[in-house]
Amino acid sequence: QGEAQESARETVETSSVPSRLLDVQVRLGRLTQNLEGEDRVLTQEAELSVLYETEEGPAAASRRVSLSTGCPARGRGPAW
C-alpha cells in the first residue's frame, strides 16, 4: 500500500468578467476504480462552484468534472 498526490487544473467559465472572487467550493462525488491490464485506474467525480462579484452584482457558476489517474501494478513504479 502507498500514497500519492495528484494535481489537477480545471477552469470554470463565467457569464461575465468577475471583479472579485467571493467563494470556491469543490464537492467530491463518486470514486470508481477499473483495471486496465495490470494497472488500476481511479476516477473521481467532482463539482466545482464559484461565487463571484461583477459590476451588476453577485453571480455564480459551476462545472462537473471527472479526474482520472493510473496506478501502476506492483513492481512497476511506486507501490500502491
Side-chain angles (χ1 to χ4, degrees):
Q1 294 212 354
E3 185 177 307
Q5 191 171 31
E6 281 288 325
S7 296
R9 185 178 199 149
E10 295 291 333
T11 303
V12 177
E13 293 186 23
T14 60
S15 58
S16 57
V17 177
S19 60
R20 193 174 91 172
L21 185 62
L22 302 174
D23 192 28
V24 175
Q25 291 184 346
V26 177
R27 292 188 189 104
L28 299 179
R30 194 170 108 173
L31 174 67
T32 58
Q33 58 180 323
N34 296 306
L35 290 176
E36 290 185 7
E38 295 181 9
D39 297 339
R40 185 175 311 265
V41 176
L42 302 174
T43 302
Q44 176 72 62
E45 294 178 2
E47 182 178 4
L48 314 173
S49 301
V50 295
L51 179 62
Y52 59 98
E53 197 171 282
T54 69
E55 290 181 5
E56 294 81 34
S62 64
R63 177 178 175 205
R64 290 184 184 266
V65 297
S66 285
L67 307 167
S68 295
T69 188
C71 301
R74 288 181 184 255
R76 293 184 9 208
W80 296 85

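Since we're looking at a predicted model, the values are computed, not measured.
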Checklist line | Co-membership, hydrophobic cluster, residues Val24 and Val12, 4.5 Å side-chain | finding: yes
Next item on the list: Supply the atom-to-atom distance Leu51 CG to Leu22 CG, rounded to the nearest 0.5 angstrom.
Entry: 4.5 Å
Notebook entry, point to check: Once you round to the nearest 0.5 Å, how far does CD of Glu45 lie from CZ of Arg27?
Noted result: 14.5 Å
Next item on the list: Please list, chain by chain and in numerical order, all residues satisfying side-chain hydrogen bond (donor to acceptor under 3.5 Å, both in side chains) with Ser68, sequence neighbours excluded.
Entry: Thr43
Notebook entry, point to check: Has Glu10 got more than 12 heavy atoms of other residues, nucleotides or ligands less than 6.0 Å from its CD?
Noted result: yes
Notebook entry, point to check: With the 4.5 Å side-chain cut-off for hydrophobic clustering, are Leu28 and Leu67 part of the same group?
Noted result: yes
Next item on the list: For Glu55, look at atom CD and say whether over 12 heavy atoms of other residues, nucleotides or ligands are found less than 6.0 Å away.
Entry: no
Note to self: Rounded at 0.5 Å granularity, tell me how far OG1 in Thr69 sits from CZ in Arg40.
What the structure shows: 13.0 Å
Check: What distance separates Leu35 CG from Cys71 SG, expressed to the nearest 0.5 Å?
Finding: 10.5 Å
Next item on the list: May I ask you to decide if Thr11's main-chain N or O and Arg63's side chain share a donor-acceptor pair within less than 3.5 Å?
Entry: yes
Margin query: Apply the hydrophobic cluster definition, ILVMFWY joined by side-chain contacts under 4.5 Å directly or through others, and give me every member besides Val41.
Written below: none
Check: Applying the 4.5 Å side-chain criterion to the ILVMFWY set and letting contacts propagate, would Tyr52 and Leu48 be lumped into a single cluster?
Finding: yes
